[in-house]
Each structure stands twice: as structure tokens, then as C-alpha cells.
K.L.:
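One structure follows; several queries about it will come next.
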Amino acid sequence: MPQFPLTRYRLSTSDYHRMIEAGILTERDRVELIDGEIIQMSPKGSKHAACVSKITEWLLPLVAGEAQMRTQDPIRIPDLSEPEPDLVLVKNREDFYATAHPAPADIFLVVEVADSSLAYDREIKGPLYAKAGIPAYWIIDLQGQQIEVFAEPSDSTYSRHHLARPGEQIMIPPLNLKTRVEDWLI
């Protein structure tokens with residue numbers, strides 16, 4: 001059988017939003033736009049949900065007044081991606097981003113909780129966030145009971161990478177607040 005080169009049609013964030021407005025995609029679909037492709041998000045297990053809830057409960061008071069925290073809400077990476085990270089610390093804005101999702105210039109830290117999605121979070125989302133210039137990216141590895149801390153984005157990688165394990169402390173950007181690794185794990 002002859003092989004033909006295939007060209008993928010990449011959706012822009014505008015195309016993606018038109019699909020949502022037209023009702024083609026709804027919240028029930030659990031998808032996100034990554035590099036112009038609609039990707040189905042993996043289901044959230046109870047451990048994943050518990051971790052996000054735990055972090056939200058104790059982190060929110062710590063960042064109050066210094067940053068706004070978004071939980072499982074979209075961020076916009078022009079023009080082909082709109083991921084929905086588990087947690088994002090963003091600059092304070094009076095309208096709480098009612099007119100537009102936060103863009104890379106608004107973001108201090110992106111956190112993904114990985115129970116079954118570690119490879120995807122590391123190999124797809126990490127380079128996406130680095131290329132967008134997001135200054136800090138953490139992956140909470142629930143199975144490995146560690147946090148992968150990435151900083152200093154350069155092209156589609158981060159120059160600094162550290163595996164933080166229980167017993168260590170890590171700094172929450174931009175707060176210069178040290179926290180124990182255990183505070184982030186379930």
C-alpha cells in the first residue's frame with residue numbers, strides 16, 4: 001500500500017473557543033488543547049483529587065495577597081494551546097482573569113499532579129510550558145512520592161531540574177516561602 005505524507009490540521013485557540021461556544025465541546029468532554037490538537041485528559045483518581053484538595057486548602061491562605069491561585073482552570077499559551085493544569089499561581093488581577101485566561105506573562109508557577117500521567121506531564125506539558133517561558137513548573141509524582149522541580153525555561157526545556165523528596169524543602173515562587181515536600185504529597 002502506498003504511503004502518503006499526512007498533514008495535520010492544527011486548531012488555534014480561537015478555533016477551540018468557537019467549538020466550545022457552538023456546543024461541540026462541553027465541560028463533560030474533559031479535553032484540553034495542546035499544540036493545536038484536542039487531547040482527552042486522563043480521568044482523575046481519588047488520590048489525584050485528594051492531593052489537589054489538600055494543596056488548595058493549605059496553600060490558598062499562604063498566597064493570599066501575593067498571588068492568585070487557580071485550580072484545574074485553563075491557561076492560554078498562544079496560539080495553539082490551552083492546557084488545564086492542576087494548580088497555577090498567577091499575578092494578582094482585580095478581575096480574577098474574567099476577560100481572558102492567564103497567559104505565560106501572568107504565571108509564576110504551574111503544578112501538575114501525576115498519578116497515571118507522569119510521562120505526559122514530563123514529555124509533552126513540560127516542553128510546552130518551557131517554550132512558553134513559564135518560569136517554574138512542578139510535577140507532583142504521587143507514585144514516586146517526589147516533586148520534579150523545573151526552573152529557568154530555555155527553548156522547549158528547563159535549564160534547572162531537581163527531584164525533591166520527603167525531608168527536603170522547596171521554595172514556592174514568587175513568594176520566597178519554603179515548604180516541605182511532604183506538604184505537597186498525599
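In what follows, every heavy atom counts, from backbone to side chain, and hydrogens, waters and symmetry copies are set aside.
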K.L.:
Sequence neighbours excluded, which residues qualify as salt bridge (charged side-chain N to carboxylate O under 4.0 Å, His left out) partners of Asp29?
P.N.:
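So Asp29 forms no salt bridge (charged side-chain N to carboxylate O under 4.0 Å, His left out) with any residue.
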K.L.:
Please report the shortest heavy-atom distance between Leu11 and Leu80, naming the atom on each side.
P.N.:
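Between these two residues, the closest heavy atoms are O-CD2, 3.2 Å.
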K.L.:
Flag the pair Val90 / Phe96 as yes when at least one side-chain heavy-atom distance between them is below 4.5 Å, and no otherwise.
P.N.:
no
K.L.:
Please list, chain by chain and in numerical order, all residues satisfying salt bridge (charged side-chain N to carboxylate O under 4.0 Å, His left out) with Glu84, sequence neighbours excluded.
P.N.:
none
K.L.:
Verify the cluster assignment for Leu175 and Val110: are they in a single hydrophobic cluster under the rule of side-chain heavy atoms below 4.5 Å apart?
P.N.:
no
K.L.:
Return all side-chain donor-acceptor pairs below 3.5 angstrom for residues 64-75, not counting sequence neighbours, or 'none' if the list is empty.
P.N.:
| from | atom 1 | to | atom 2 | distance (Å) |
| --- | --- | --- | --- | --- |
| Gln68 | NE2 | Arg93 | O | 2.8 |
| Gln72 | OE1 | Lys44 | NZ | 3.0 |
| Gln72 | NE2 | Asp86 | OD1 | 3.2 |

K.L.:
Can you list, pair by pair, the side-chain donor-acceptor contacts under 3.5 Å of residues 19-28, counting residues two or more places apart and other chains?
P.N.:
| from | atom 1 | to | atom 2 | distance (Å) |
| --- | --- | --- | --- | --- |
| Thr26 | OG1 | Arg28 | N | 3.3 |

K.L.:
Tell me whether His161 contacts the main-chain N or O of Val149 through its side chain, where contact means a donor paired with an acceptor under 3.5 Å.
P.N.:
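The answer is no, because no donor-acceptor pair under 3.5 Å joins these two groups.
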K.L.:
Starting at CD1 of Ile77, measure out to OG1 of Thr13 and round the result to the nearest 0.5 Å.
P.N.:
10.5 Å
K.L.:
Mind listing the closest non-hydrogen atom pair of His101 and Arg76 along with its distance?
P.N.:
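Residues His101 and Arg76, closest heavy atoms: CB-N, 4.1 Å.
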K.L.:
Hydrophobic clustering (ILVMFWY, side-chain heavy atoms < 4.5 Å, transitive) - are Tyr158 and Leu163 grouped together?
P.N.:
no
K.L.:
Can you tell if the side chain of Asp141 reaches within under 4.5 Å of the side chain of Ile147, non-hydrogen atoms only?
P.N.:
no
K.L.:
Can you name the salt bridge (charged side-chain N to carboxylate O under 4.0 Å, His left out) partners of Asp79, sequence neighbours left out?
P.N.:
none
K.L.:
Do you know which two heavy atoms are closest between Ser12 and Leu33, and how far apart they sit?
P.N.:
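Here Ser12 and Leu33 meet closest at O-CD2, 3.8 Å.
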K.L.:
Under the side-chain contact (heavy atoms from CB on, under 4.5 Å) criterion, do Val88 and Ile107 qualify, and how do the steps go?
P.N.:
CA-CA 7 Å; Val88 181; Ile107 298 170; 3.9 Å; yes
K.L.:
Measuring from Glu112:CD to Ile139:CD1, what's the distance to the nearest 0.5 Å?
P.N.:
7.5 Å
K.L.:
Does a side-chain heavy-atom distance below 4.5 Å link Pro85 with Val111?
P.N.:
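No, too far: nothing below the 4.5 Å cut-off.
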K.L.:
Any donor and acceptor pair, going by atom type alone, linking the side chain of Gln145 with main-chain N or O of Leu142 inside 3.5 Å?
P.N.:
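Checked: pair present.
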K.L.:
How many angstroms lie between atom CG of Leu59 and atom CD1 of Ile55, to the nearest 0.5 angstrom?
P.N.:
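Those atoms lie 7.5 Å apart.
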K.L.:
Excluding sequence neighbours, so at least two apart, what forms salt bridge (charged side-chain N to carboxylate O under 4.0 Å, His left out) with Glu148?
P.N.:
Arg122
K.L.:
Please lay out, stage by stage, how Cys51 and Ile140 fare under the test side-chain contact (heavy atoms from CB on, under 4.5 Å).
P.N.:
CA-CA 9 Å; Cys51 185; Ile140 299 174; 4.1 Å; yes
K.L.:
Compare all side-chain heavy atoms of Ile34 with those of Lys125 and state whether any distance is below 4.5 angstrom.
P.N.:
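Ile34 reaches Lys125 side chain to side chain.
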K.L.:
Pairs in or reaching into residues 153-176: which pass salt bridge (Lys or Arg N to Asp or Glu O under 4.0 Å), with residues at least two apart or in two chains?
P.N.:
Glu152-Arg160
K.L.:
Applying ring pair (Phe, Tyr, Trp, His ring centres under 6.0 Å) as the test, list every pair that has at least one member in residues 66-95; sequence neighbours left out.
P.N.:
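As it turns out, there is no ring pair (Phe, Tyr, Trp, His ring centres under 6.0 Å) pair with a partner in residues 66-95 once direct neighbours are skipped.
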K.L.:
Of all heavy-atom pairs between Leu177 and Met171, which one has the smallest distance, and what is that distance?
P.N.:
N-SD, 3.4 Å
K.L.:
Are any side-chain N or O atoms of Lys131 and backbone N or O atoms of Gly126, one a donor and one an acceptor, separated by less than 3.5 Å?
P.N.:
no
K.L.:
For His162, check ring-ring contact (aromatic ring centres under 6.0 Å, His included) against everything at least two apart and list the hits.
P.N.:
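For His162 there are no ring-ring contact (aromatic ring centres under 6.0 Å, His included) partners, ignoring immediate neighbours.
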K.L.:
Under a 3.5 Å distance rule, please check whether Arg10 uses its side chain to pair with a backbone N or O of Asp35 as donor and acceptor.
P.N.:
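Yes; judged by distance alone, with no hydrogens or angles, the pair exists.
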K.L.:
With sequence neighbours excluded, tell me which residues meet ring-ring contact (aromatic ring centres under 6.0 Å, His included) with Tyr129.
P.N.:
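Tyr129: ring-ring contact (aromatic ring centres under 6.0 Å, His included) contacts with Tyr137.
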K.L.:
State the CG-OH distance between Asp106 and Tyr97, to the nearest 0.5 angstrom.
P.N.:
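With rounding to 0.5 Å, CG (Asp106) is 4.0 Å from OH (Tyr97).
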K.L.:
Say you draw a straight line from OG of Ser81 to CD of Glu32; how long is it, rounded to the nearest 0.5 Å?
P.N.:
9.0 Å
K.L.:
Side-chain contact, heavy-atom cut-off 4.5 Å: Leu128 with Ile134?
P.N.:
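Sidechains of Ile134 and Leu128: no contact.
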K.L.:
Mind checking ring-ring contact (aromatic ring centres under 6.0 Å, His included) for Trp184 and listing every partner two or more places apart, or none if nothing turns up?
P.N.:
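Trp184: ring-ring contact (aromatic ring centres under 6.0 Å, His included) contacts with Trp58, Trp138.
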K.L.:
Heavy-atom distance under 4.5 Å between the side chains of Gln146 and Val181, does that happen here?
P.N.:
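Contact flag for Gln146/Val181 side chains = no.
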K.L.:
I need the minimum non-hydrogen distance between Ala130 and Ser156, along with the two atoms involved.
P.N.:
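It is CB-C, 3.7 Å.
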K.L.:
Taking side chain to side chain donor-acceptor pair (under 3.5 Å) as the definition, give me every residue that meets it alongside Ser154, ordered by chain and number, with sequence neighbours left out.
P.N.:
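Here no residue qualifies.
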K.L.:
Measuring from atom CG of Leu87 to atom CG of Leu109, what distance do you get when rounded to the nearest 0.5 angstrom?
P.N.:
8.0 Å
K.L.:
Is Pro104 close to Pro78 at the side-chain level, that is, under 4.5 Å between some pair of heavy atoms?
P.N.:
yes
K.L.:
Can you tell if the side chain of Pro127 reaches within under 4.5 Å of the side chain of Glu123, non-hydrogen atoms only?
P.N.:
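Counting from C-beta outward, Pro127 and Glu123 never come under 4.5 Å.
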K.L.:
Spell out, yes or no, whether Tyr16 and Met41 are grouped together once hydrophobic residues are joined by side-chain heavy atoms under 4.5 Å, including indirect joins.
P.N.:
no
K.L.:
Judged by atom type as modelled, is there a donor-acceptor pair below 3.5 Å linking the side chain of Arg30 to the main-chain atoms of Ser42?
P.N.:
yes
K.L.:
Any chance you could lay out the side-chain contact (heavy atoms from CB on, under 4.5 Å) test for Val31 and Ile39, step after step, and finish with the verdict?
P.N.:
CA-CA 5 Å; Val31 296; Ile39 306 295; over 6 Å; no
K.L.:
Any donor-acceptor pair under 3.5 Å linking the side chain of Thr56 with the backbone of Val52?
P.N.:
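Here the side-chain-to-backbone pair exists.
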